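All of these numbers come straight from a predicted model, not from anything done at the bench. Lettering follows sequence order; numbering is per chain, from 1.
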Number of protein chains: 2
Amino acid sequence: MAVILPFSPKPLPGDPPPSLPALREACANCQLRELCLPLGLAEADLDRLEGLVGGRRKVARGQALFQSGDSFRGLYAVRSGFFKTVVASEGGRAQVTGFQMAGELLGLDGIGGDRHACDAIALEDSQVCEIAYADLERITHDLPPLAHQFHRILSREIVRDQGVMLMLGRMSAEERVAAFLLNLSQRLQARGYAAQALRLRMTREEIGSYLGLSLETVSRTFSKLQDEGLLRVQQRELKLLDLAALRQRVEACG
Amino acid sequence: MAVILPFSPKPLPGDPPPSLPALREACANCQLRELCLPLGLAEADLDRLEGLVGGRRKVARGQALFQSGDSFRGLYAVRSGFFKTVVASEGGRAQVTGFQMAGELLGLDGIGGDRHACDAIALEDSQVCEIAYADLERITHDLPPLAHQFHRILSREIVRDQGVMLMLGRMSAEERVAAFLLNLSQRLQARGYAAQALRLRMTREEIGSYLGLSLETVSRTFSKLQDEGLLRVQQRELKLLDLAALRQRVEACG
DNA sequence: CGGAGGATTGACCCGTTTCAACTACCGTGG
DNA sequence: CCACGGTAGTTGAAACGGGTCAATCCTCCG
């Protein structure tokens with residue numbers, strides 16, 4: 001899911017002094033600009049957006065950006081790095097509900113209950129832009145198109161989740177893995193990376209958790225698709241050799 | 001998920017003539033009042049809310065309130081009756097993603113893409129209150145607490161979906177069925193019905209689709225739980241004889 | 001009263017899980 | 001620089017849960 005929200009970072013403590021012009025251009029220079037800038041928002045509103053972003057925050061690999069039960073403060077846009085979100089049941093069972101890459105949003109789950117409903121864990125050293133929810137409410141009030149954009153983001157997340165449900169409920173292991181890889185590929189492509197070559201940021205176990213499969217089944221399915229010439233696996237380095245064929249595997253869903 | 005939104009119906013064509021006072025009190029008299037009225041909204045704002053609801057609409061059993069691909073016009077609050085939402089993949093595979101009862105919202109999936117991403121089918125003759133999205137945007141702008149409330153609703157839907165994912169990814173057939181029944185029971189109870197006795201509005205096949213199981217497995221699981229004394233099944237009439245034990249089945253998720 | 005759709009139950013089969021052994025890789029410290 | 005240990009990944013064999021197919025029953029409604 002490509003996130004469309006006006007997020008941009010303020011300089012980190014170590015960065016050059018935040019001269020006003022620099023701040024002013026933070027969003028404009030942000031690599032995530034196309035991903036973050038809402039459609040149809042006037043350039044003149046950019047400075048309003050600058051004020052929205054409370055700060056940048058680093059999250060080391062393995063660390064939690066927030067955890068289930070943490071009181072909700074605001075949203076986070078991934079600026080660099082890679083995250084997973086994990087929900088846990090009372091019984092201690094856990095499931096990965098999503099992977100987030102640059103430009104995608106974290107924390108939407110927290111609005112409803114004033115505390116977060118899942119853990120957000122960095123899978124590599126990452127940076128996020130933070131935005132206090134109170135600020136977001138204020139600016140969406142002042143800029144109605146932004147409110148609309150925000151509703152769209154929330155709605156798209158709901159639609160995305162429904163797609164995951166369909167996958168978990170109806171697809172075979174091979175179809176799930178193929179769908180997962182195609183989704184990753186497509187999101188990477190949207191960020192300017194090659195669609196065929198990708199480095200997995202997560203373990204087989206995390207993939208399996210997301211797909212509702214055991215880590216062994218994920219591994220076996222990779223091997224099988226490799227044997228059939230659809231891709232090449234080398235640890236976490238993947239080459240998707242036949243995107244069309246992968247697509248067929250998924251669409252053969254009837 | 002209890003929906004908290006200010007929806008109320010205008011009279012149907014067959015209803016007594018819509019005198020202004022009647023309209024004025026439509027929301028106030030609505031049976032869904034506690035479910036729909038946003039927390040902390042001033043009574044004085046009630047008349048604003050009245051104007052929000054574009055109309056009531058009847059949907060006969062088996063008919064679609066909207067279908068995937070329909071252009072998005074607005075949201076619907078179930079006033080009476082029962083719905084299912086179904087997402088379909090290109091390959092023709094379909095999955096029930098949820099069941100909606102009185103007071104719950106339909107159509108949130110449409111905001112993101114300007115067209116609906118699922119079908120909403122009435123499982124019995126139903127009525128919904130319709131609200132045009134444009135009106136909703138206007139009123140949430142004028143009443144910030146309402147905007148907040150709306151965000152909460154969207155966020156809760158995301159959290160709900162994550163719960164379903166966990167169920168589909170990690171739970172056994174028995175756990176899924178138990179969780180499903182407890183969820184139904186809880187929602188019925190919130191509406192003033194008994195928590196133990198319920199009439200299923202959907203077929204075994206629809207339950208199975210929602211739970212990622214075959215209809216036969218659903219049936220077998222009902223029988224098994226009945227044999228163990230946890231419930232009594234008679235076609236679509238259910239008695240939950242031991243809620244605590246059912247809860248244990250679900251929570252034994254580790 | 002009869003038919004059709006829904007529900008139940010049984011038998012069998014298959015995909016996935018589980019358990020287990022083994023291998024590859026990476027970072028660390030000697 | 002290499003040896004080592006731990007983590008991640010692969011692969012095999014066996015067990016099992018749930019799916020599929022099929023027969024039967026129920027019951028609601030025309």
Side-chain angles (χ1 to χ4, degrees), chain A residues 60-62 82 84 93 95-96 121 123-125 167-181 199-228 231-238 249 252-254, chain B residues 60-62 82 84 93-96 121 123-125 167-181 198-228 231-238 249 252-254:
Chain A
R61 171 196 172 109
F82 208 90
K84 66 171 175 180
R93 222 175 299 196
Q95 166 139 9
V96 173
I121 314 283
L123 295 181
E124 53 185 34
D125 292 348
M167 181 189 72
L168 291 172
R170 301 251 85 78
M171 289 191 186
S172 70
E174 190 175 294
E175 291 165 344
R176 294 183 203 194
V177 170
F180 169 71
L181 293 177
R199 160 174 241 109
L200 298 175
R201 257 65 195 208
M202 69 296 279
T203 67
R204 303 289 192 264
E205 183 168 21
E206 286 161 337
I207 298 173
S209 173
Y210 176 63
L211 298 178
L213 301 171
S214 69
L215 68 95
E216 293 95 333
T217 298
V218 173
S219 178
R220 269 187 262 267
T221 306
F222 278 169
S223 300
K224 177 156 178 281
L225 292 174
Q226 178 170 242
D227 291 348
E228 295 171 346
L231 52 82
R232 232 174 83 71
V233 198
Q234 226 170 347
Q235 298 295 123
R236 299 200 177 179
E237 215 69 55
L238 291 195
R249 299 283 165 122
C253 280
Chain B
R61 172 196 171 108
F82 209 89
K84 67 171 174 180
R93 221 173 299 194
Q95 166 139 9
V96 173
I121 314 283
L123 295 181
E124 54 184 34
D125 292 347
M167 180 190 72
L168 290 172
R170 300 252 86 76
M171 288 190 185
S172 70
E174 189 175 295
E175 289 164 345
R176 294 182 203 195
V177 170
F180 169 71
L181 292 177
L198 53 93
R199 159 175 243 107
L200 297 175
R201 257 66 195 205
M202 68 295 278
T203 67
R204 303 290 192 264
E205 183 168 21
E206 287 161 338
I207 297 173
S209 174
Y210 177 63
L211 299 178
L213 301 171
S214 70
L215 69 95
E216 293 95 333
T217 298
V218 173
S219 179
R220 270 188 261 268
T221 306
F222 279 169
S223 299
K224 177 157 179 282
L225 292 174
Q226 179 170 242
D227 291 348
E228 295 170 346
L231 51 81
R232 232 172 82 71
V233 197
Q234 226 170 346
Q235 298 296 121
R236 298 199 177 178
E237 216 68 55
L238 291 196
R249 300 282 164 123
C253 280

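- The salt bridge (Lys or Arg N to Asp or Glu O under 4.0 Å) search around A/Arg61 returns none, not counting sequence neighbours.
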Quiz item: Would B/Lys224 and B/Glu174 count as a side-chain contact (heavy atoms from CB on, under 4.5 Å) if you check the C-alpha gap in whole Å, the side-chain angles of each, and the deciding distance to 0.1 Å?
Solution: CA-CA 9 Å; B/Lys224 177 157 179 282; B/Glu174 189 175 295; 2.2 Å; yes
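- The residues B/Arg249 and B/Glu228 are annotated as salt-bridged, a charged nitrogen and a carboxylate oxygen being separated by less than 4.0 angstrom.
- Note that the two end axes of the helix from C/dC1-D/dG30 to C/dG30-D/dC1 enclose an angle of 40°, each drawn from 5 base pairs, rounded to 10 degrees.
- Taking atom CD of B/Glu174 as the reference point, atom P of D/dC16 lies 17 Å away to the nearest angstrom.
- Looking at heavy-atom distances under 4.0 Å, B/Val233 makes contact with sugar-phosphate atoms alone, never a base.
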Exercise. Do nucleotides 20-30 of chain D as a string where each nucleotide becomes B, S or -: B if the base has a protein heavy atom under 4.0 Å, S if just the sugar-phosphate does, - if no protein is that close.
Key: BBB----S---
Quiz prompt | side-chain contact (heavy atoms from CB on, under 4.5 Å) between B/Leu200 and B/Phe222, intermediate numbers included | solution = CA-CA 12 Å; B/Leu200 297 175; B/Phe222 279 169; 4.0 Å; yes
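- Distance CG/B/Leu225 to CZ/B/Arg232: 14.5 Å, rounded to 0.5 Å.
- The CG atom of A/Leu213 sits 12.0 Å away from atom OG of A/Ser219, with the distance rounded to the nearest 0.5 Å.
- Across residues 203-213 of chain A, A/Gly212, A/Leu213 each have a non-hydrogen atom less than 4.0 Å from an atom of DNA chain C (numbered order).
- The side chain to side chain donor-acceptor pair (under 3.5 Å) test with A/Arg199 singles out one residue from A/Gln235, A/Glu237, A/Gln234, and that residue is A/Glu237.
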Practice problem: Show the numbers, then the answer: is there a side-chain contact (heavy atoms from CB on, under 4.5 Å) between A/Phe82 and A/Met202? | Solution: CA-CA 9 Å; A/Phe82 208 90; A/Met202 69 296 279; 3.7 Å; yes
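- Residue B/Thr221 holds its OG1 atom at 12.5 Å from CD of B/Gln226, rounded to the nearest 0.5 Å.
- Screening B/Leu181, B/Leu168, B/Thr217 for a side-chain contact (heavy atoms from CB on, under 4.5 Å) involving B/Arg176 leaves a single residue, B/Leu168.
- In this structure, CZ in A/Phe180 is found 9.0 Å from CE in A/Met167, a value given to the nearest 0.5 Å.
- Between the side chains of A/Arg93 and A/Gln95, no donor-acceptor pair of N or O atoms lies under 3.5 Å.
- Reading DNA chain C from its 5' end, the first and the last nucleotide to sit under 4.0 Å from a heavy atom of chain B are C/dG6 to C/dA11.
- Contacts of B/Thr203 classified as side chain to side chain contact (heavy atoms under 4.5 Å, CB included), with partners at least two apart in sequence or in another chain: B/Glu205, B/Glu206, B/Arg236.
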